[in-house]
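Contents: one structure, followed by commentary.
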Amino acid sequence: MPETIGTFDHIVIGAGSAGCVLANRLSADPSRTVLLIEAGGSDRYPWVHIPVGYLYCIGNPRTDWMYRTAAEPGLGGRSIAYPRGKLIGGCSSINGMIYMRGQAADYDGWAQMGCTGWGWDDVLPLFIRSERYHSEAEGHGTSGEMRVERQRLHWPILDAVREAAGELGIKPTNDFNRGDNEGAGYFEVTQKSGVRWSAARAFLGRDVRRRSNLRILTGAQVTRLVLDGMRISGVELDQGGRPAIAQARREVMMSAGSIGTPQILMLSGIGPASHLQQHGIPVAKDLPGLGENLQDHLQIRTSYRIAGARTLNDMQANMLGKARIAAEYALRRSGPMAMAPSQLGLFTRSHPRFATPNVEFHVQPLSLDAFGQPLHAYPAITVSVCNLRPESRGSVTLAGPDHRSAPIIAPNYLSTGEDRDVAVDSIRLARRLMATEGLKAFNPQEVSPGSEIASDDELVEAAGRIATTIFHPVGTARMGRPDDPLAVVDPSLRVRGIGNLVIADASVMPRIVSGNTHAPVVMIAERAAELVLAG
C-alpha cells in the first residue's frame, strides 16, 4: 500500500525558481496548508553557494537531472548535455545567476497574442515585488527577497570590450532591466556579498521553512497526477522506490519546468492523445499542444587569443595562481570564485531589420574547448552570442510510460532560414567587435570557429559544430486564448479542461523572452500565487 503523506490545500510540484516562490506566498496565509515536492535533495552542498560552483553542479547527478538532447540535425547530428537543476532551488541553484527581465516588447507581445494581464505594465510590479535591488533606482524594488547585486570583480579586458562596443553603436548601460536592454555593461547577479542567492535562499529561508503549514518533501519524484473525473485530487510519488500519495483540497501547481511539467502531465494521461496511446497511457484529456513549442537560446561560442591583458586562463595556470584565487574568495568573497559564468553583456541587433535587440553577447575573460574542459594555456576571451528570439521550435515527448525514463528533448535548433541567417550575422558581428580600433592593442586572433571560415554555408556549419544551449528552455505548456487549440493554459495559468490544475513555470511562456529566464520565472510564480490567493 502507498504511504499516505496527507491532505493539503495546495501541492506544489518542483522546488525550483517558481516552486520556492509559490511555497512562500501560499504558506504566508496560515489558513492554507502547502506541500512542496522536490525530486532532488537539499541544497546543503557547498558548491551550490559558491558562485563558481556551477562547474561542479552542472553534470553532477547530485544536482543535475543529466538530460541530453536527441541528435540535433542543426548541430551536425550532435546530442548535447541539457542541464536542469535537481535539488531544492532547482535551476536557480546551478544557473549563471544573471538577473535579466527581458524586453517590454516581449510581454506586450504576449498580451497581443491573447494573454491578457501579461503586458509589460502588468508584470513590472511583479518583478519589483520580489526584488531586493542593490540601490534605490526607478523601476526596481528594494524590499523583496531576491537579492540583485553588482558583480564583485574587475577585468580590464572586459572594460576594453565594453568601450570598443561603442564603435559599433552599442552604448554603455548600467541597467539592462528597464524594458529596453540595448547596450553594453556588466551583468547584475542574484548574489549576496559574493554568495549565490538562489530561489531557495531567497524564498525558503529559515523562517519560511519553519512555518507549521508548510511541508517540504525531498527525494520524491511525482509519478502521476490523480484525477477524480476531470479534476486533480492528488499526486502519486516515488520516494526512493517506495510509493506514496498526497491529496489536494484545492490546486495542484506544476512548477517542474519546461521538461518536467509536460513529462508528468503526459504520464498522467494529459497531452497529445496519439502520443499517449503510442505508449499505452489512457487518455484523460487530449491537449495536442503539450510538449510542443519548445524554444531555447542557442549560444555560439567564439573565442579569441589575446595579448597584453590578464585573463583567467593565465591567472589559474599554476598552483600559486589557484591558491591566490582561493585566498581572495576566502578573505573577501571576491575574484574569480565569485564570478558568474558570464560577466559582460551586450544586447544589440544582428541586422537593421530588427526593431529591438535580437542578440545577446556573453563575454568572458577565459576560453576552453567545451564546458567542463580545462582552460586554454594561453590568454584568451570568449565572445558567446545567442539569438534572443529564435523561430525554431522543438518538442518534449515521452520515451516510454516509466517515470524513471528521461523524456526525449528535441530543440530543433537552427531549423529555420531566419535562425541560420542570425547565426551567420552573429559570428560576423563578433568579428567586427574584435576588429575595432579599441581592441587592436590586444592583437585578438580568432581561435573558434576560425578566421578561415568565411562563406555563409561554412559559418552555418561552424555554428552547428560549436554551439550549445545556454539553458533557457521554455514554452512546452504555452499560455494562450481559451479558444486556441494548441494553448495548454489560459491567461490565469489553469490547464484547459482540467480542474484544480495550475502551471507556473517557464513552460507557460508563449514566446521566449529576450534575455535570461530566472527572473521571468519568478515573476510568473508571483502572478500564479496572486491569482490562486484571489480565487
Side-chain angles (χ1 to χ4, degrees), residues 2 13-14 16 37-40 59 61-73 75 77-86 90-91 219-227 232 234-246 252 254-296 393-413 469 473-478 486 488 495 497-498 501 503 505-507:
I13 300 173
I37 302 171
E38 170 56 41
R62 176 174 181 166
T63 50
D64 184 356
W65 280 96
M66 304 293 290
Y67 293 138
R68 296 192 69 85
T69 68
E72 280 287 296
L75 302 187
R78 289 187 297 137
S79 167
I80 62 173
Y82 215 70
R84 296 285 86 198
K86 187 181 182 183
C91 290
Q221 186 171 355
V222 173
T223 59
R224 73 180 187 95
L225 308 181
V226 179
L227 283 115
I232 303 299
V235 301
E236 292 183 1
L237 310 167
D238 178 349
Q239 294 185 287
R242 295 177 291 108
I245 190 167
V252 169
M254 299 296 310
S255 56
S258 291
I259 310 303
T261 285
Q263 180 188 26
I264 292 169
L265 293 184
M266 289 179 195
L267 290 171
S268 307
I270 300 168
S274 59
H275 179 60
L276 301 181
Q277 290 162 352
Q278 175 187 343
H279 292 293
I281 299 172
V283 178
K285 174 64 178 177
D286 179 19
L287 287 179
L290 184 69
E292 300 299 316
N293 194 47
L294 175 63
Q295 301 158 61
D296 190 15
R393 297 293 184 268
S395 64
V396 174
T397 53
L398 296 177
D402 190 333
H403 68 277
R404 294 166 295 187
S405 298
I408 299 170
I409 303 168
N412 211 21
Y413 295 123
T469 177
V474 309
T476 53
R478 73 173 177 84
L486 295 180
V488 176
V495 176
I498 301 289
L501 183 57
I503 302 178
D505 57 31
S507 70

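Residue indices begin at 1 and follow the sequence shown. Everything quoted here is computed from the prediction, not taken from an experiment.
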Practice problem: Give, for atom CD1 of Ile13 and atom CE of Met254, the distance between the pair rounded to the nearest 0.5 Å. | Solution: 4.5 Å
Practice problem: Test Val488 against Asn293 for side chain to side chain contact (heavy atoms under 4.5 Å, CB included), laying out the working first. | Solution: CA-CA 11 Å; Val488 176; Asn293 194 47; over 6 Å; no
Quiz item: For the residue pair Ser268 and Leu225, what are the closest heavy atoms and their distance?
Solution: OG-N, 2.7 Å
Quiz item: Thr476 side chain to Ser507 main-chain N or O, any donor-acceptor pair under 3.5 Å?
Solution: no
Quiz item: Minimum heavy-atom separation for Thr69 to Glu72, with atom names?
Solution: OG1-CG, 4.0 Å
Quiz item: Out of Arg224, Gln221, His403, which one pairs with Asp238 under the side-chain hydrogen bond (donor to acceptor under 3.5 Å, both in side chains) rule?
Solution: His403
Quiz item: Are any of the side-chain heavy atoms of Leu398 and Ile281 separated by less than 4.5 Å?
Solution: yes
Quiz item: Side chains of Ile37 and Val222: does their closest heavy-atom pair fall under 4.5 Å?
Solution: yes
Exercise. Looking only at non-hydrogen atoms, find the nearest pair between Gly85 and Cys91 and report the distance.
Key: N-SG, 3.3 Å
Self-check item: Considering all heavy atoms, the nearest Ala220-Gln239 contact
Solution: CB-CG, 4.0 Å
Quiz item: By salt bridge (charged side-chain N to carboxylate O under 4.0 Å, His left out), which residues pair with Arg84, not counting sequence neighbours?
Solution: none
Exercise. Could you tell me whether a side-chain N or O of Gln263 sits under 3.5 Å from a main-chain N or O of Ser405, the two making a donor and an acceptor?
Key: yes
Exercise. Ignoring hydrogens and angles, tell me if any N or O in the side chain of Asn412 forms a donor-acceptor pair with the backbone of Gly394 under 3.5 Å.
Key: no
Quiz item: If every non-hydrogen atom of Pro407 is compared with every non-hydrogen atom of Ile259, which pair is closest and at what distance?
Solution: CG-CG2, 3.6 Å
Quiz item: Hey, does Leu294 have a side-chain heavy atom less than 4.5 Å from the side chain of Pro473?
Solution: yes
Practice problem: To the nearest 0.5 Å, tell me how far Thr223 OG1 sits from Glu236 CD. | Solution: 5.0 Å
Quiz item: Do Ile503 and Leu265 touch side chain to side chain, with heavy atoms closer than 4.5 Å?
Solution: yes
Quiz item: What orientation do His275 and His279 show, parallel under 30°, tilted 30 to 60°, or perpendicular over 60°?
Solution: perpendicular
Quiz item: Looking at side-chain heavy atoms only, is the closest gap between Ser258 and Val396 below 4.5 Å?
Solution: no
Quiz item: Hey, are the side chains of Leu227 and Ile232 touching, using non-hydrogen atoms and a 4.5 Å cut-off?
Solution: yes
Exercise. Indicate the atoms forming the closest heavy-atom contact of Met266 with Leu290, along with that distance.
Key: CE-O, 3.5 Å
Self-check item: N/O donor-acceptor pair under 3.5 Å between Asp286 side chain and Ala273 backbone
Solution: yes
